[in-house]
Amino acid sequence: MAKSPVPPSRPAQPSPALAQASKLLQEGKPQQAKPLLQKYVAKAPSDLTGVTMLRVAHTQLGEFDQALYYAQRAHAIAPDHPEVRGILGAALADAGRIDEARTTLLGALELAPNHQPSMAALAQIHQAQGRHEDAAQMAARALGLGLTPILARTLAISLVHLGQPDQAVDALKRVLAQTPGDPALLSLLCDTMLHAPGVQPQDAAAAHFAFGRLLQQQANMRADLPARDMSPDRPLRVGLIGSAFRSGLLEPLLRSVVGHLDPHDYKLHVYQHGPEDAATEWFKTRPGVRYAHIARFQPVNICQRVAGDQIDVLIDTTGHHDPAVLMAMHLRPAPAQATWLGYPFSTGVTSIDERFVDAETDPDGSERLGTEKLRRLDPCSLCYDRPDPADLPAIVPGDPARPLTLASIAAGPRLNDATIRAWVAAARRLSNARLLIADAARALDAPRAALRQRILAAGFAEDRLELVPLGAGQSDRLGLLARVDIALDTFPMPGPVLAIEAALMGVPTVGCTGPSGAHRSAASTMKLLGLDHLVARDADAFVENVAALAADRHALAGLRAGLRDRALSSPLLDGPGFSARFGQAVRELWKARVAG
């Protein structure tokens, strides 16, 4: 949640201890600031500045229960101070006590209706609850009082979830024009531009290039790497870093490499910079793999950890979804670095040497849109961990007599208004077709109701619409796909995993391609599944492809009957073959680095 500033009740001459602690907190060193503040507060328990600063230290350390304790102490000292109430509301939210936080922040705004920190914290609570319309309205109102990166971030993320990525891009550009030095906010702009139908690839590339230049301006230094053996053919220490080593769409793709890469030639280290869950255990317990949880590490700490492990080749797996990792890689904690899988565009970081792609996602000429050298892992740049066919849910044969079910699984923030209009147009072309949309966020009432309203506003019948919550695991997605006849992909940002999992359940996917690798990842996947005829060039062709596929129910049934076997025998599920190509790419990257 948003950090509230310390109330303006400082002593005329701050003590040296508070001045030193404040400097440490600004430098991101809460562990060093905390004992200074504890000592100070023990001597001056009613000093509001000391108490609130100690709360900040605990918050930066992720010690939210302790942070709440000191926020409550501050409130006891100054119960009617709106800023103190804002601090307490933010602390309650960090501690997971959302309803109390919301009530407290509303109370702060009753005392001071234009108190921006309380508005920012309340907007973030709305966002966490999936109340994106409320979050966007509150953030926009607060931004009218002054520009802050956290408010711009809240507004942009909620606009994307409301299906308005182009408006989110405009909002971020306005804030960055006046506060241009925030790399995390510029990273969010880079990511958001890939979701926006109105953004051209060259404009997205310009934003990514600007991100790289900003890192060079702000941190023009390199990690101090220990000396190492630069032999080209020796076993390599390879680090995979990102925030996706947990349940989600990338998990089966990461498992395919981690499970099959030759352990004699490549000593794998996995760095999870994000929350863990039950799926993380697989990576933790994989023989020969060293796992590290670095969730709260700042870029400098990430760099130090990777450099200390003497990683030879470091590979980013989430791109601008996790800008702290990119900021760490800018410092070059490993001699050779690449980006792969989780972000279908250049990072803009010049310290990242290569991007692993394929000839379909990034054909000749794509180099102009990025800073990295492109290394193609043809025929595909990803591989899905092959399940045992005996463990897959049974395929339910389509009944030509019943209405078709069209579905989207796990679209998330890719679900913009242009995509919804195309889906509704396609479904309305078919007699009594049903539309099923499943996503983790739909477990919350607010986002489910908001999405329902967006779809109904596009002209779809409510009695043919089904919105269902979705668990994060592979089995949840496959189970829902058993109910589906035709899967619908999103655009301009597609989801390549959907086409694979749908094919495993005998369900063809209709997709749409575009002018950059960010738009072509699903087209690459569908080509290998023999479904390239279902990849459209624009929304009108997308609608026609759905209608043509549905028109011949017997032909659709024949296609569905063979899709699982087609998927299981494709390069997309050949873990050993893909990992051999992946390992060769890592080796060639290392050799290029050795050669200088």
J.: Start with the C-alpha distance between Q116 and L151, add both sets of side-chain angles, then the distance that settles side-chain contact (heavy atoms from CB on, under 4.5 Å), and finish with yes or no.
T.: CA-CA 9 Å; Q116 193 186 50; L151 282 168; 3.5 Å; yes
J.: Enter the distance from Q127:CD to L155:CG here, rounded to the nearest 0.5 Å.
T.: 9.5 Å
J.: Would you mind reporting whether K284 and V289 have side-chain heavy atoms less than 4.5 Å apart?
T.: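 Sidechains of K284 and V289: no contact.
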J.: Whether the side chain of H58 engages the backbone of K34 through a donor-acceptor N/O pair (distance < 3.5 Å, no angle test) should be reported.
T.: no
J.: Is the closest side-chain heavy-atom distance between V169 and L172 below 4.5 Å?
T.: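 They are not in side-chain contact.
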J.: Is the backbone N or O of N416 less than 3.5 Å from a side-chain atom of Q164, with the two atoms forming a donor-acceptor pair by type?
T.: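 The answer is no, because no donor-acceptor pair under 3.5 Å joins these two groups.
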J.: Just so I know, are the side chains of R477 and L249 near enough to count as touching, which here means a heavy-atom distance under 4.5 Å?
T.: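 Yes; the side chains approach each other to less than 4.5 Å.
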J.: Return the minimal non-hydrogen interatomic distance between Q31 and L61, and the atom names on each side.
T.: OE1-CD2, 3.4 Å
J.: From F211 CZ over to L188 CG, what is the distance, rounded to the nearest 0.5 angstrom?
T.: 11.0 Å
J.: Report yes or no: does R228 contribute a side-chain atom to a donor-acceptor pair with the main-chain N or O of I311 at less than 3.5 Å?
T.: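 A pair under 3.5 Å: yes.
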J.: Go through it in stages, so that I can follow the logic: the residues are D99 and Q129, the test is side-chain contact (heavy atoms from CB on, under 4.5 Å), and I'd like the CA-CA distance, side-chain angles, deciding distance and then a yes or no.
T.: CA-CA 10 Å; D99 290 338; Q129 293 177 320; 4.1 Å; yes
J.: Can you check whether L109's main-chain N or O pairs, donor with acceptor, with S118's side chain at less than 3.5 Å?
T.: no
J.: Would D170 and R174 satisfy salt bridge (charged side-chain N to carboxylate O under 4.0 Å, His left out), going step by step from the backbone distance to the final call?
T.: CA-CA 6 Å; D170 291 340; R174 287 195 299 270; 5.3 Å; no
J.: If you take all heavy atoms of A279 and D277, which pair is closest and at what distance?
T.: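 For A279 versus D277, the nearest heavy atoms are N-OD1, 3.0 Å.
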J.: Could you walk me through whether H321 and T318 pass the side chain to side chain donor-acceptor pair (under 3.5 Å) check?
T.: CA-CA 6 Å; H321 301 315; T318 42; over 6 Å; no
J.: Side-chain contact, heavy-atom cut-off 4.5 Å: Q304 with P299?
T.: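 Counting from C-beta outward, Q304 and P299 never come under 4.5 Å.
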J.: Less than 4.5 Å apart, any side-chain heavy atom of T317 and any of Y343?
T.: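 Contact flag for T317/Y343 side chains = no.
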J.: Report the residue from Y291, Y271, F245 that forms a ring pair (Phe, Tyr, Trp, His ring centres under 6.0 Å) with F283.
T.: F245
J.: Using side-chain heavy atoms (C-beta onward) and a distance below 4.5 Å, is P183 in contact with L215?
T.: yes
J.: Donor-acceptor pair, S22 side chain versus L18 backbone, under 3.5 Å?
T.: no
J.: Just how far is it from atom CG of L382 to atom CG of L250, taken to the nearest 0.5 Å?
T.: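 The CG atom of L250 is 9.5 Å from CG of L382, to the nearest 0.5 Å.
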J.: Is R255 positioned over the aromatic face of W282, cation under 6.0 angstrom from the ring centre and no more than 45 degrees off axis?
T.: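 Checked: cation-pi criterion met.
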J.: Look at the side chain of D353 and the backbone N and O of A336, then say whether any donor-acceptor pair between them is shorter than 3.5 Å.
T.: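 No; zero donor-acceptor contacts below 3.5 Å.
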J.: Taking all heavy atoms of T52 and all of A74, pick out the closest pair and write down the distance.
T.: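 Closest approach of T52 to A74: CG2-CB, 3.7 Å.
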J.: How close do P165 and T192 get, heavy atom to heavy atom, and via which atoms?
T.: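 That closest heavy-atom pairing would be O-CG2, 3.8 Å.
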J.: R454 and D417: salt bridge (charged side-chain N to carboxylate O under 4.0 Å, His left out), yes or no, with the steps?
T.: CA-CA 8 Å; R454 288 166 61 195; D417 287 342; 3.1 Å; yes
J.: Which pair of non-hydrogen atoms, one from L194 and one from A204, has the smallest distance, and what is that distance?
T.: CD2-CB, 4.1 Å
J.: Do R290 and L268 have side chains that get closer than 4.5 Å, going by heavy atoms?
T.: no
J.: Could you check whether the rings of H132 and H161 sit parallel, tilted or perpendicular, using 30° and 60° as the cut-offs?
T.: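 Ring orientation of H132 relative to H161: parallel.
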J.: Dump the intermediate steps for side chain to side chain donor-acceptor pair (under 3.5 Å) on Q216 and T350, then the final yes or no.
T.: CA-CA 9 Å; Q216 290 176 328; T350 55; 3.0 Å; yes
J.: Is a side-chain donor or acceptor of H273 paired with a backbone partner of F297 at a separation under 3.5 angstrom?
T.: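 Yes: the side chain of H273 pairs with the backbone of F297.
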J.: Stepwise, does the side chain to side chain donor-acceptor pair (under 3.5 Å) test hold for Q337 with S351?
T.: CA-CA 7 Å; Q337 301 190 142; S351 295; 5.2 Å; no
J.: Counting distance only, does the side-chain N/O of R593 pair as donor-acceptor with the main-chain N or O of P335 below 3.5 Å?
T.: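 Looks like yes, one N/O pair under 3.5 Å.
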J.: Report, as yes or no, whether the 6.0 Å neighbourhood of atom CG on D229 holds more than 12 heavy atoms from other residues, nucleotides or ligands.
T.: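 For D229, atom CG is crowded (more than 12 foreign heavy atoms under 6.0 Å).
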J.: To the nearest 0.5 Å, tell me how far S158 OG sits from Q167 CD.
T.: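 Rounded to the nearest 0.5 Å, the OG-CD separation comes to 13.0 Å.
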J.: To the nearest 0.5 Å, tell me how far E354 CD sits from I315 CD1.
T.: 10.0 Å
J.: So how far is it from D65 CG to E63 CD, rounded to the nearest 0.5 Å?
T.: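 So the CG of D65 and the CD of E63 are separated by 10.0 Å.
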J.: Without swapping roles, check the side chain of H195 against the backbone of D191 for a donor-acceptor pair under 3.5 Å.
T.: yes
J.: Closest heavy-atom contact between A196 and D166?
T.: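 For A196 and D166, the tightest heavy-atom pair comes out as CB-OD1, 3.3 Å.
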J.: Would you say the side-chain atoms of D47 pair up with the backbone N or O of A44, donor to acceptor, closer than 3.5 Å?
T.: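 Answer holds: no.
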J.: I would like to know whether T339 and D316 meet side chain to side chain donor-acceptor pair (under 3.5 Å); could you show each step before the answer?
T.: CA-CA 5 Å; T339 182; D316 156 61; 2.6 Å; yes
J.: Might you work through the side-chain contact (heavy atoms from CB on, under 4.5 Å) test for I302 and I241, ending with a clear yes or no?
T.: CA-CA 10 Å; I302 296 171; I241 187 168; 3.6 Å; yes
J.: How about Q124 and I150: do any of their side-chain heavy atoms sit closer than 4.5 Å?
T.: yes
J.: Considering the options E372, H208, H320, which one meets the side-chain hydrogen bond (donor to acceptor under 3.5 Å, both in side chains) requirement together with T347?
T.: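 Answer after filtering E372, H208, H320: E372.
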J.: For T59 and D94: C-alpha separation, side-chain torsions, deciding distance, then whether side-chain contact (heavy atoms from CB on, under 4.5 Å) applies.
T.: CA-CA 8 Å; T59 300; D94 287 336; 3.8 Å; yes
